[in-house]
Structure formats: C-alpha cells, structure tokens
Amino acid sequence: MPTRRPAARRAIPAATSIRRLRRLRRTAALRAWVAETDLAPRHLILPVFVRPGRAGPEAIPAMPGIERYAVGDLEALARSLEEEGVRAVLLFGVARHKDAEGREAWAPDGLVPKALRALRAAAPGLVLATDVCLCAYTDHGHCGVVRDGSVLNDATTERLARVALAHARAGADVVAPSAMMDGQVARIRGALDSGGCEDTAILAYSSKHASAFYGPFREAEDSTPAFGDRRGYQLDHRNGREALRAMDRDVAEGADLLMVKPALTSLDLLVRARSRFLLPLVAYQVSGEYAMIKAAAARGIVDERAAVEETLGALRRAGADLIVSYFARDLARWAREGR
Ligand code: PBG
C-alpha cells in the first residue's frame with residue numbers, strides 16, 4: 001500500500017512553473033543592484049545660448065528655466081556648473097547682425113569664440129562643444145547660403161568649415177556641425193587639420209530629422225526660416241535607413257562622435273546605431289521635448305523629476321552614451337539631493 005504524501009509537498013510542482021522575475025524587484029537595494037544602465041550627471045551636456053549685449057541673463061518664454069547669456073555672464077555660469085557637477089556644454093551663438101551669408105558666424109572674435117575663451121578661463125575642466133551652423137546668423141534663417149529659394153550645399157560646407165575653425169582656434173574641444181549639408185564633416189576635418197587644429201573632435205549631427213520639436217529653440221535663437229522649411233536638408237521622419245546611411249557617411253568622413261535627434265522620436269535609431277558603430281553616441285533631447293515636460297509638470301500632469309529620469313533613462317537604455325539636455329543642471333541637482 002503506498003503511503004500518502006503530506007498535502008504541502010504535493011502543492012510544490014505547480015509553483016515551479018512560474019518564472020518569478022519579481023524576486024529581483026522586491027527592494028530598492030535589489031533593483032539598484034541589477035540595474036542594467038545608469039544615468040548620471042557625467043552623461044549630460046548642457047546647451048548654452050550666448051547672445052550679444054550687456055550682462056544679465058534673459059528668459060526664453062517657451063523654455064522656462066533656460067536663459068540666454070551675455071558673454072559677461074559666462075564666468076559666473078562656468079563656476080556654478082563646475083560646482084554643480086555639469087561637465088560639458090554645447091554653445092549656441094545668437095548673432096548681433098544677421099546677413100544673407102551669416103558672416104558673423106566665422107568671425108574670429110565673434111560671440112562664440114569670446115564665450116569659449118571666457119568659459120575656458122573660468123572653468124578649465126569643462127568640456128566645451130559648439131554648434132556649427134549658420135541659421136542663427138543668416139537674415140533668412142536657413143542653415144546655409146540660399147540661391148533661388150534653396151540652400152546651396154558646397155558653398156555652405158565651405159562656410160561651415162570657417163566657422164568650425166574659428167571655434168577650434170578659440171578653444172573648443174568639440175565642434176558639432178548641425179546644418180545637414182552633405183560632406184560637411186569631411187570639409188570641416190580638412191579645415192581643422194590644415195589649420196593646426198587636428199586635435200579638435202567632431203560631433204556630427206548625422207541623424208537629424210526635420211521636426212516639430214525645434215520650435216522653442218528657434219525662439220531662443222531667433223532662427224525660424226523666413227520662408228519655406230528645412231525639409232530640403234533635414235531627414236524625413238519616415239526614414240530610418242537613410243539616417244543610418246548618413247551616420248555611415250559621417251563615420252567615413254572622420255566624425256569622432258555621432259548625434260541622433262530629436263531623442264524621443266529616434267529610439268529605434270539609437271538601438272540600430274549602437275550595434276552598428278563603435279563611436280560614442282549622443283542623443284539630443286531637443287527644446288520641444290523639454291518644453292512638453294515643463295508644461296505638463298507645471299500643470300501637475302506629470303512629476304517633473306520622474307518624467308525626466310524616465311525619458312533620459314530610456315535614451316541610455318537604447319544606447320546613448322551621452323545626452324544633450326536642457327535638464328542637465330536639474331539632473332545634477334537631483335543627483336546631489338539623492339532620492
Ligand atoms: C541648428 C540647430 C537646431 C537645433 C540644434 N541645432 C535648430 C534647427 O535645426 O532648426 C535644435 C535644438 C533644439 O530644438 O533644442 N541648425
């Protein structure tokens with residue numbers, strides 16, 4: 001006669017078929033222990049708008065919390081950033097006098113070169129990157145030289161190379177061409193190398209889609225095109241393979257880092273670029289993405305810190321090494337404050 005097993009032992013087999021993934025989510029310590037990615041201030045790059053005129057930061061209505069600085073404000077800003085733990089900035093100049101070609105963009109003593117010198121003197125350890133484009137300097141607001149209503153490619157890359165060289169000579173560690181002209185990386189690399197700036201790195205805005213999310217930035221930079229739009233040179237949001245072709249091309253032309261933007265509409269491209277390229281990948285959380293979170297947080301619709309950590313965390317998970325974000329200072333502050 002078989003003896004009867006106790007009831008408790010008979011119940012065991014059913015339970016073993018469940019994959020209990022929740023075991024490692026049980027406590028904050030366990031969750032932190034098995035976290036696959038992290039998000040820290042060192043991953044962030046803060047965009048900084050530099051405007052002409054006397055000292056005193058100027059608000060940007062569409063971007064609460066972000067200001068346009070005069071060169072005279074930068075010494076204090078650089079010191080604060082160092083103290084706060086922000087390690088890198090991406091500079092954008094706003095022209096004093098705009099013209100058809102955007103000449104002020106490559107003036108050796110223009111706003112961005114002045115800003116670079118001021119920042120370098122005040123905070124030698126800050127990584128200094130500059131946006132290289134003409135749209136904030138041209139009177140028509142397009143990213144290059146216009147003829148018969150469209151932007152000329154090669155005449156524009158020639159000017160972009162002058163801009164990059166002016167920035168490099170003033171001390172930029174990294175120049176970031178964002179005009180979306182073909183051959184801009186090769187042309188800039190050539191100008192930097194023959195101009196004695198072979199150590200200046202290029203962050204190529206390779207995967208840059210025409211976007212509704214650049215609106216607040218154009219208000220900050222006063223760079224809205226006077227006619228037409230940028231779809232003749234920026235990528236179509238329906239295209240992903242074309243973005244990878246642009247990245248391939250820029251790697252071949254000598255890019256040191258690759259940019260993907262807008263960030264939240266490019267998660268697929270980050271994943272694909274991460275497996276395809278060995279270069280550092282940079283995601284740009286653009287002005288409209290910033291403004292949306294700010295607007296929703298101001299109305300109590302989302303918690304600002306949670307929304308920022310979640311979106312930036314997703315960019316890290318998708319494969320971004322570095323992230324350009326207007327929340328860089330906030331993130332550094334939250335890191336100091338802890339949970
Ligand atoms: C310059 C440039 C733009 C942005 C970065 N570099 C504007 C544009 O292409 O219209 C957008 C950044 C942002 O929205 O935060 N061409």
Side-chain angles (χ1 to χ4, degrees), residues 25 27-50 55-60 63-69 72-92 115-116 118-129 173-174 203 216 220 257 263-264 280-287 289-339:
R25 297 178 201 149
T27 65
L30 284 167
R31 291 192 293 273
W33 187 53
V34 296
E36 296 172 29
T37 56
D38 66 333
L39 174 68
R42 73 171 188 91
H43 299 124
L44 276 287
I45 303 166
L46 175 73
V48 171
F49 298 110
V50 186
E58 219 175 72
I60 303 161
M63 302 179 73
I66 300 297
E67 285 157 340
R68 308 201 300 174
Y69 298 95
D73 298 318
L74 294 177
E75 190 183 324
L77 176 71
R79 294 235 176 83
S80 313
L81 294 180
E82 256 193 345
E83 234 173 73
E84 292 165 18
V86 174
R87 302 201 191 170
V89 294
L90 176 59
L91 297 180
F92 292 90
L116 285 164
L119 290 167
R120 181 64 80 216
L126 200 60
V127 174
L128 303 179
D173 296 301
V174 180
L203 161 57
L257 310 96
L264 220 48
L281 287 179
V282 187
Y284 195 143
Q285 182 190 50
V286 300
S287 57
E289 299 177 73
Y290 173 84
M292 279 196 298
I293 293 177
K294 277 288 188 191
R299 293 180 53 193
I301 294 170
V302 299
D303 175 77
E304 183 170 321
R305 177 172 175 178
V308 171
E309 289 180 345
E310 182 177 333
T311 46
L312 299 184
L315 300 176
R316 293 273 300 141
R317 192 183 74 231
D321 296 292
L322 299 168
I323 301 169
V324 181
S325 172
Y326 301 94
F327 287 112
R329 296 180 82 173
D330 304 279
L331 199 95
R333 190 180 70 248
W334 295 327
R336 281 197 311 279
E337 288 169 358
R339 271 269 154 221

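Please read all numbers here as calculations on a predicted model, not as lab measurements.
Panel note: side chain R333, backbone E84; no donor-acceptor pair is recorded below 3.5 Å. Within the 3.5 Å criterion, the main-chain N or O of V127 finds no donor-acceptor partner in the side chain of R87.
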**Report entry** Stepwise side chain to side chain contact (heavy atoms under 4.5 Å, CB included) check, D330 with V308
**Finding:** CA-CA 9 Å; D330 304 279; V308 171; over 6 Å; no
**Report entry** Evaluation steps, side chain to side chain contact (heavy atoms under 4.5 Å, CB included), between L44 and L39
**Finding:** CA-CA 9 Å; L44 276 287; L39 174 68; 4.0 Å; yes
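Between P41 and A335, the shortest heavy-atom contact is CG-CB, 3.7 Å. Residues Y69 and L74 approach most closely at CB-CD2, 3.9 Å, considering heavy atoms. For the residue pair R316 and D38, the shortest heavy atom distance occurs at NE-O, 2.6 Å. Across all their heavy atoms, A78 and L119 have their closest contact at CB-CD2, 3.7 Å. Of all heavy-atom pairs between R317 and T37, the closest is CA-CG2, 4.0 Å. Of all the heavy atoms in A307 and V302, the pair that sits closest is CB-CG2, 4.1 Å.
A salt bridge does not link R79 with E83: none of the charged nitrogens is closer than 4.0 Å to a carboxylate oxygen. One finds a salt bridge joining R120 and D173 here, because a Lys/Arg side-chain nitrogen approaches an Asp/Glu carboxylate oxygen to under 4.0 Å.
When the shell of 6.0 Å around CZ of R42 is examined, it contains 12 or fewer heavy atoms from other residues, nucleotides or ligands. For R329, the CZ atom sits in a packed shell: over 12 heavy atoms of surrounding residues, nucleotides or ligands are nearer than 6.0 Å.
Atom CG of L312 sits about 9.5 Å away from atom CG of L264, to the nearest 0.5 Å. In this structure, L203 CG and L281 CG are separated by 10.5 Å, a value rounded to the nearest 0.5 Å. Atom CG of D321 and atom CG of L315 lie 12.0 Å apart (nearest 0.5 Å).
Ring-plane geometry between F49 and Y326 is classed as parallel, the angle between the planes falling under 30 degrees on a 0 to 90 degree scale with a further cut at 60.
Between T311 and F327 there is no side-chain heavy-atom pair separated by less than 4.5 Å. Within the 4.5 Å cutoff, the side chain of V89 has no heavy atoms near those of the L77 side chain. Residues L322 and L257 are in side-chain contact: their nearest non-hydrogen atoms beyond the backbone lie under 4.5 Å apart. S325 has its side chain out of reach of L331: every pair of non-hydrogen atoms, C-beta onward, lies at least 4.5 Å apart.
The side-chain contact (heavy atoms from CB on, under 4.5 Å) test with K294 is passed by exactly one of R299, E289, E304: E304.
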